[in-house]
Every structure is written in C-alpha cells, then in structure tokens.
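First comes the structure, then the notes that go with it.
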There are 2 protein chains.
Amino acid sequence: MYKSALTLAALSSAISLSAQEPASVSLAEIADKALEQDTIAWDFVEGITTEVGPRQAGTEAEARARDWAMVWLNANGFDNVANEPFEMDTWVPGDVHRASVTAPYMQNLVVQPLGNSAATPEGGIEAQVVYFPTLDDLIAAPEGSLTGKIAFVSHEMRPSMDGSHYGYFGGARFAGPGIAAQKGAAAIVIKSVGTDLHRNPHTGTTRFPEGVSAIPAAALSVPDAQNLERMFERAGDAPLSLKLELNPRRLGMTMSGNVVGEIVGRNAALPPVLLACHIDSWWNAPGAFDDGAGCAIIAAAARNVRKAGQPLRTIRVLFAGAEEVGLFGSVAYSKAHIDEPIAVGLESDFGADRVWRFESNFRETNPDLHSLIAKSVARFGVADSSIRASGGADLNIVRDQKGAIIDLQQDGTRYFDLHHTPDDTLDKIDINQLRQNVAVWTTVVGILANEDRPILTGGVNPSAPAVMEQ
Amino acid sequence: MYKSALTLAALSSAISLSAQEPASVSLAEIADKALEQDTIAWDFVEGITTEVGPRQAGTEAEARARDWAMVWLNANGFDNVANEPFEMDTWVPGDVHRASVTAPYMQNLVVQPLGNSAATPEGGIEAQVVYFPTLDDLIAAPEGSLTGKIAFVSHEMRPSMDGSHYGYFGGARFAGPGIAAQKGAAAIVIKSVGTDLHRNPHTGTTRFPEGVSAIPAAALSVPDAQNLERMFERAGDAPLSLKLELNPRRLGMTMSGNVVGEIVGRNAALPPVLLACHIDSWWNAPGAFDDGAGCAIIAAAARNVRKAGQPLRTIRVLFAGAEEVGLFGSVAYSKAHIDEPIAVGLESDFGADRVWRFESNFRETNPDLHSLIAKSVARFGVADSSIRASGGADLNIVRDQKGAIIDLQQDGTRYFDLHHTPDDTLDKIDINQLRQNVAVWTTVVGILANEDRPILTGGVNPSAPAVMEQ
C-alpha cells in the first residue's frame with residue numbers, strides 16, 4: 001500500500017551494499033510481504049493473550065508468560081533463549097475493590113487500586129471527599145487540610161497522537177497519592193489517567209516519597225469520575241461521603257525475570273542490536289496493546305531479518321520483566337550487562353497502531369545512516385523527524401551506555417483508551433497496522449544489523465575493538 | 001438544522017386549526033427551540049443518573065428512583081403525580097460474579113449473571129465447557145449430553161440501525177439457559193448479547209420453562225467470549241474447564257411501582273394520550289440510554305406541549321417499574337386501568353439517538369392524521385414508513401385495548417454497545433440527538449393531544465362517549 005517502485009529499488013541496493021552475504025530474498029521483499037500478510041506478530045500476540053492473559057509482575061502469571069515466550073522464541077528459530085531472573089519487591093492488588101458514594105446520594109462507583117496502594121482497614125473507610133479539579137489544586141491545599149478525608153483529583157487528559165498528554169496530566173496518578181498522603185489524607189481516588197469513556201479504571205504505578213507511608217489509592221473510571229464531579233455540582237454545600245474498600249498487599253521479595261533470545265550475527269565482535277519490549281502487564285489487563293504487540297513486533301522483525309540471510313550483527317530481543325511496576329527488569333538488565341556494549345537500542349511499547357515518525361539520537365553524528373533509514377521507511381508512511389530519540393522504559397542499558405537509540409513512534413491516539421485496563425484485549429489490534437509495524441521494523445532492523453560501522457558516530461574503523469564503538 | 005420555512009408554516013397552520021385555545025407560542029416554535037437548546041430532557045437524565053444511578057426492579061434503589069421522579073414531575077408542572085405500587089417476585093444479582101478458565105490455560109474471565117440465574121454452590125462449580133457457536137447448535141445437542149457440564153453459547157450479533165439483530169441473535173440469552181438446563185447442563189455462559197468490545201458483560205432476563213429448574217446462567221463480555229473461542233481453537237482436543245461462582249438470589253415478593261403524571265387537558269371526557277418509558281434499570285447500569293433518556297424525552301415533550309397552551313386531551317406519562325425483569329409494571333398498569341380507554345400510546349425506550357422513522361398502526365384507518373404527522377416531522381429528518389407500529393414493552397394497556405400506537409423509531413446503531421452494561425452512562429448521550437428527539441416528540445404529541453377525533457379511525461363524532469372511541 002505504501003509501496004513505491006523507486007524507493008524500493010534504492011533500498012534493495014542500499015541493503016545489499018552493506019550486507020556481506022547477499023540473501024536470496026531481499027529485505028525489501030520480506031518487508032513488503034510482512035506489510036501484506038505477516039502472521040508472526042499476530043501469532044505471538046494472539047498466543048500470549050489467549051494462552052496466558054494478564055501477567056502481573058512478580059507473580060506466577062508473569063512466570064507463565066516467560067515460559068510461554070521462551071517456548072515461542074525457540075519454536076521460531078531464536079538462539080540463546082534464556083530467562084535471566086531477578087528479585088523484586090512485589091505488590092499485588094487483592095480482590096476487593098469497592099467504592100460507593102454514601103451521601104448526599106447513594107451510588108456504587110467502579111474503582112481499581114493503583115500499584116503500591118495501601119489497603120483500607122478491614123470493612124473499608126468512609127470519609128468526606130474533597131474535590132480537586134487538577135493536581136495543582138491538590139498541591140495548593142494547605143498542609144493538614146485533608147486529615148481524615150479522601151482526596152479526589154481529576155484532570156482533563158485528551159487523546160493525542162504522540163501521547164504527550166500522559167506525561168502532562170498523568171501527574172494525578174504518578175504524584176497525586178504521595179502529595180495527598182503528605183497532607184494527611186486518609187485515601188485518594190483519581191480520575192483514571194485515560195481517554196476512554198468505559199467503566200474500566202486505568203491502574204498504574206504511583207510512588208510515595210521516601211518516608212511517606214502509602215495510603216489507599218485508587219482510580220475511578222472516567223465516567224465514574226465525571227459522575228462524582230456532577231454530584232459535587234448538584235450537592236452544593238452538602239458534604240459528599242465515599243466508602244472505599246481495597247485489599248492490595250505486598251508479598252515481599254519474589255522472582256521476576258527478563259527473557260532474551262538472539263538471531264546470532266556473523267561477527268560476534270560487533271555489538272548487537274537490542275530490540276526491547278516488556279512481558280508483564282497489569283493484573284487486570286490481558287496486555288495486547290501493552291505490551292504483547294511490542295514483543296510481537298520486535299520478534300517478528302528479528303525473524304524476518306534472518307530470512308534475508310544471517311545478519312552481520314547479532315540481534316537480541318529483550319522481553320523485560322516487571323516494567324509496569326517500576327522498570328525493574330530494565331534496571332536489572334542494565335546492571336547485569338552494562339559492560340557489554342549495545343550497538344543501538346529500539347523499543348516497541350506503545351500499542352499496535354502504525355508507525356508514523358522516525359527519530360534517532362544520531363541524526364547529527366551519523367547523518368548518512370539516519371538519512372538512509374528515514375528514506376527506507378518513507379514508503380510505509382513514516383516521516384523523518386528532528387526530535388531526538390530518548391528510548392523507552394526498557395532501554396536503560398543503552399541510556400546508561402550513552403549509546404545509539406532509535407524511536408519508531410506509533411500513533412498513540414487510541415493508546416490511552418486501553419492502557420492498563422481490562423479492555424486491552426486482542427480485538428483492539430488492527431492487523432493491518434500491526435503488519436505495518438512489522439514491515440517498518442524489519443526494514444530498520446535489517447539496515448542496523450548489517451551496518452558494519454558504529455551506529456552512533458558513523459565512520460570509525462570497523463576493525464577497532466567493539467568496546468570502543470559507543 | 002432540519003428547519004424548513006415552508007413545512008414550518010404548514011405545521012403551524014395545521015396545529016392551530018385543531019387547537020381550540022390558540023397559544024401565544026406555537027408548537028412549531030417550541031419544537032424549534034427544543035431542537036436548538038432543550039435543557040429539560042438533559043436535566044432529567046443527568047439528574048437520575050447522577051442522583052440515583054442504577055435502579056434494579058423491586059429494590060430500594062428503584063424506590064429511590066420513583067421518589068426522585070415524582071419530585072421532578074411535581075417540580076416541572078405535572079399534575080396528578082402518583083406512585084401506583086404493585087408486588088413483584090424479585091431477583092437480585094448478589095455480589096460474587098467470578099469465572100476463570102482452569103485448563104488447559106489459566107485466565108480469569110469477566111462475567112455477570114443473567115436475570116433469574118440460579119446461584120452456584122458455595123465456592124463455585126468447576127466443569128468441562130462445551131462450545132456451541134450458535135443457539136441452533138445447542139438445540140441440536142442430544143438430551144443429557146450436557147450433564148454436569150457448562151454450556152457456552154456464542155452468536156454473531158452485529159449493530160443494526162433498527163435493532164433487529166437483538167431479536168434474532170438474542171435467543172442465546174432469552175432461551176439458551178432454559179434449553180441448556182433441559183439438557184442437564186450444570187451451568188451456562190453466553191457471549192453477551194451486545195455489539196461492543198469492552199469488558200463489561202451485558203446482563204438481561206432469561207426465562208426457564210415451566211417445570212425446569214433455574215441453573216447458574218451468566219454473560220461473558222464479548223472480548224472474553226472471543227477469547228474462550230480462541231482457547232477452544234488452540235486447545236484442540238484437550239478439554240477446557242471453567243470455574244464459575246455466582247451468588248444471585250430471589251427475595252420473594254417485594255414492592256415495585258409505576259410513576260404517573262399528567263398534563264391535564266381541557267376535555268376530561270376524551271381519552272388521554274399515553275407516553276411511556278421505564279424507570280428501572282439493571283443493577284450494573286446507570287440507565288442513561290436505557291431508559292433514563294426515554295423518560296426524559298417523553299416528560300420534556302409533554303411539558304413543551306403545555307407551553308403552547310392547555311391541550312385538548314390529557315397527556316399522561318407512565319414511568320413503568322420493573323420493565324427489565326419481565327414487564328411487570330406494564331402488566332400491572334394494564335390490569336389496573338384496562339377499562340379506561342387510551343387515545344393513543346407512544347413509548348421511548350431505545351436510547352437517545354435521533355428519531356429517523358415514523359410508524360403508526362392507523363395509516364390505513366386514519367390516513368389524514370398519519371400523513372399530517374409524517375409531514376410535521378419530516379423537517380427533523382424523520383421519514384414516513386409503511387411498517388405497522390406495534391409499540392414497546394410498556395404499552396401493554398394499549399395493545400390490550402387494541403388501541404392506536406405510534407412508534408418514533410430511534411437510530412439503534414449504538415444501542416447494543418451499551419444496553420444492560422455499566423457503560424450505559426450519561427456521557428454516551430449526544431445532547432444534539434437528544435434534543436432532536438424532544439423536538440420530534442413535542443411535535444407529534446402536540447398534534448395528538450389537540451386532535452378531537454379518534455386517533456385510530458379518524459372521523460367518528462367527537463361528541464360520542466369517550467369509551468366508544470377505541
């Protein structure tokens with residue numbers, strides 16, 4: 001659909017120039033085929049959502065997901081498939097998640113706890129609610145003014161293609177509970193950091209500052225939060241009371257792990273290309289968009305590149321564990337492998353909708369490669385950008401090494417309709433957009449894995465020790 | 001927006017001809033104003049969803065809804081506002097609604113019980129699932145073949161403007177549980193009779209045949225049902241087991257009631273115009289579309305007609321109780337008032353999207369009136385139809401009297417995305433489409449309430465005894 005005979009020819013030529021072992025099928029042809037009929041990525045994401053489902057970090061469900069992924073990688077031609085275990089401090093949500101307005105109206109609201117929320121006392125708590133339309137309003141509340149009360153923080157997040165509202169309005173979740181706790185609140189409920197109007201709250205991690213005890217912290221679905229806002233409007237000066245019952249708990253240290261697998265390259269001395277995603281999801285979310293699709297895309301791309309012949313560099317996939325709850329897998333991977341240089345890192349963790357923009361952090365230091373990649377994916381409807389790539393959550397090692405990073409930005413317009421909710425199911429994936437992702441990734445990873453010069457800086461002598469590259 | 005100067009003038013003239021007491025503001029002007037800026041219907045549906053919320057038939061929540069509605073009707077100029085109580089055999093859903101696949105995969109599924117479902121034994125039941133892609137497949141299963149098993153019935157319902165898929169595919173819910181029970185099933189789960197892809201199952205009544213004991217019967221959300229279908233596909237010959245836990249129960253006889261109110265007409269001897277909706281909703285659904293909007297539309301229309309001067313006939317609104325669970329209010333109303341003729345009945349119970357088609361059951365017997373009404377609403381984008389109106393669930397009395405009926409058909413494309421789910425919230429209402437409903441209803445009810453001849457047959461002498469009219 002995005003095919004152009006001219007750029008296609010240019011790309012084939014570019015790739016065969018840098019590959020030392022020309023393949024019988026060109027990467028361009030393989031990418032075209034992926035665009036039209038890829039089944040590998042779909043098989044992965046259908047499989048993990050159907051046969052595993054939700055996979056909360058540090059639990060047996062995440063362990064089942066690791067086992068499932070290793071079986072899949074081995075069955076799909078990956079080498080050196082392994083689980084790299086690490087310990088983590090594990091929080092689980094419990095199974096009692098109830099809220100009801102008790103005065104001046106009576107109505108149940110739909111809530112889910114935020115990651116790291118404390119439990120309410122047995123039987124729940126009932127208290128007056130104080131409404132803050134924005135996080136800034138909560139910040140402005142006098143110290144101690146919330147003692148014994150429940151804070152309700154709202155916001156006006158809207159869908160955006162680049163997802164930038166998440167960073168801006170997400171503070172209600174990231175920081176709101178800690179701030180409310182510091183001001184003495186007994187608990188906090190927030191409007192879900194989400195953009196849909198369904199009764200499925202968006203969970204996600206919140207962090208309490210050092211020395212501040214966790215309080216019960218929960219997300220209302222957006223319609224429930226809007227209903228609560230209307231209740232405040234209609235109630236006038238009458239106090240509004242909420243009863244909240246949550247039973248999350250901490251399990252202490254349990255095991256998580258990172259799953260890795262490789263397409264081994266011809267030159268083991270060259271640093272590998274690292275493709276990252278995360279294997280865990282929230283307990284309530286089957287994790288199709290977040291991040292089954294990401295793992296599916298990177299695995300399908302790596303496999304596709306191999307079909308064009310053994311690449312020069314090794315391609316390593318990293319299915320990180322425990323991303324959602326604090327990037328534990330990404331941190332553990334960096335700590336374990338910090339001395340092993342990575343040539344370039346890419347992550348897929350923003351759903352399954354089409355890639356629309358290409359960014360790198362070597363546009364100025366290696367303009368030829370940047371430009372070659374940009375031109376190679378233009379035919380898939382991907383535009384070049386001068387925004388500097390910074391990588392996703394699971395690329396800690398590359399950032400720690402100050403290495404090369406590429407961001408293949410996906411259309412995030414729908415992403416926060418589904419993020420961290422039960423609605424993150426397979427049916428949300430548009431197979432044509434998923435295939436476009438695979439085609440783009442196949443093209444980009446194919447170029448990178450067959451590039452003999454350093455990615456970040458270009459023309460350094462390829463015979464120099466690999467460790468010098470970055 | 002739909003305004004046409006020509007038809008507007010024709011309508012004004014038609015209405016003022018039949019009205020004995022010309023008003024200072026014409027109905028056409030009032031309808032136009034409703035189209036642009038009605039706030040009455042919105043106030044009703046915002047109020048009942050915010051201040052009451054879900055209102056399961058026969059429970060205290062439905063009683064609060066009746067109280068709320070009577071306050072609203074009195075505050076909005078209705079006369080003879082009353083609750084007409086009746087007894088009903090009440091079922092309530094309980095609060096434990098759990099399902100999980102236990103083999104060959106492990107994953108929780110989202111379920112909600114169907115109305116009249118039995119409870120599972122304490123601790124739930126775990127059994128092999130037998131998959132039936134359609135209700136016909138279940139019907140074809142040999143007697144006794146389901147003994148001790150859980151039936152899973154799916155279907156391929158799709159959105160339709162006229163809602164006709166509900167009748168056709170809804171049998172999985174209406175009849176499936178009774179059929180499964182007759183074949184010895186321990187329980188049944190169905191794909192929700194709904195058209196959305198959110199994890200909010202659609203409940204609704206099921207009926208067990210005389211002499212057949214109720215079994216646990218629940219709806220899976222559509223994504224969960226699709227997931228279960230995929231599990232069967234992937235599991236091959238391996239048996240699939242489900243654990244199901246539900247605790248609904250029967251309360252015995254409790255009180256429900258019908259709320260009525262009137263705009264009193266000038267001629268008490270003429271039968272009234274009856275406008276119906278229902279006040280109850282399922283326990284899980286705030287009932288914005290089903291049927292807060294319907295009550296809002298009929299109440300706003302009746303109030304608007306009064307603004308054009310006291311109508312000739314009385315307009316009665318009937319907010320029926322206990323519709324969802326078996327039309328108990330409609331039946332009770334007919335039984336209590338069968339000897340009091342109704343001039344014509346209309347019901348609003350299909351959401352809040354625009355009216356697109358006008359139907360009556362007097363097109364052949366009173367073609368002039370049918371044609372006048374059709375022409376009066378064409379300017380709002382409503383087309384005439386030769387389909388014979390049969391009325392909705394709360395018009396039992398009119399059907400029992402073999403009286404005149406009008407159906408103002410709404411666009412139902414979105415209706416079964418929301419029907420009987422937690423997602424039936426205020427935000428789903430498009431205020432512009434709600435206003436079009438009010439404009440159309442105001443126009444139609446204004447004509448009917450000022451018509452001195454019998455609605456069904458036209459030219460009978462208006463001085464004849466009212467009871468002869470029908």
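Hydrogens, waters and symmetry mates are skipped; everything else that's a heavy atom, side chains included, is used. Below, read A as the first sequence line, B as the second, and so on, with proteins coming before strands; counting in each chain starts at 1.
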| field | Side chain / backbone / both / neither for A:Thr425 at chain B, heavy atoms under 4.5 Å | value |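 Side chain only.
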
| task | Tell me, out of A:Asn227, A:Thr50, A:Val110, A:Asn108, who's got the most heavy-atom pairs with chain B below 4.5 Å. | result |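 Looking at each option in turn, the highest pair count goes to A:Thr50.
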
| Out of A:Arg64, A:Gln226, A:Met231, A:Glu233, which one racks up the most heavy-atom pairs below 4.5 Å with chain B? |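 That would be A:Arg64.
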
State the [atom1]-[atom2] distance between [X] and [Y], to the nearest 0.5 angstrom.
X	Y	atom1	atom2	answer
B:His198	A:Asp196	NE2	CG	7.5 Å
A:Glu51	B:Met106	CD	CE	13.5 Å
B:Asp427	A:Arg230	CG	CZ	7.0 Å
A:Asn200	B:Asp423	CG	CG	6.5 Å

How close do [X] and [Y] get, counting heavy atoms only, and between which atoms?
X	Y	value
B:Arg98	A:Asp95	NH2-OD2, 4.4 Å
B:Arg199	A:Pro422	NH1-O, 2.6 Å
A:Thr49	B:Gln107	O-NE2, 3.1 Å

| field | B:Val222 versus chain A, the contacting section by heavy-atom distance below 4.5 Å | value | neither

| query | With only heavy atoms counted, which part of B:Asn284 is less than 4.5 Å from chain A, the side chain, the backbone, both or neither? | reply | backbone

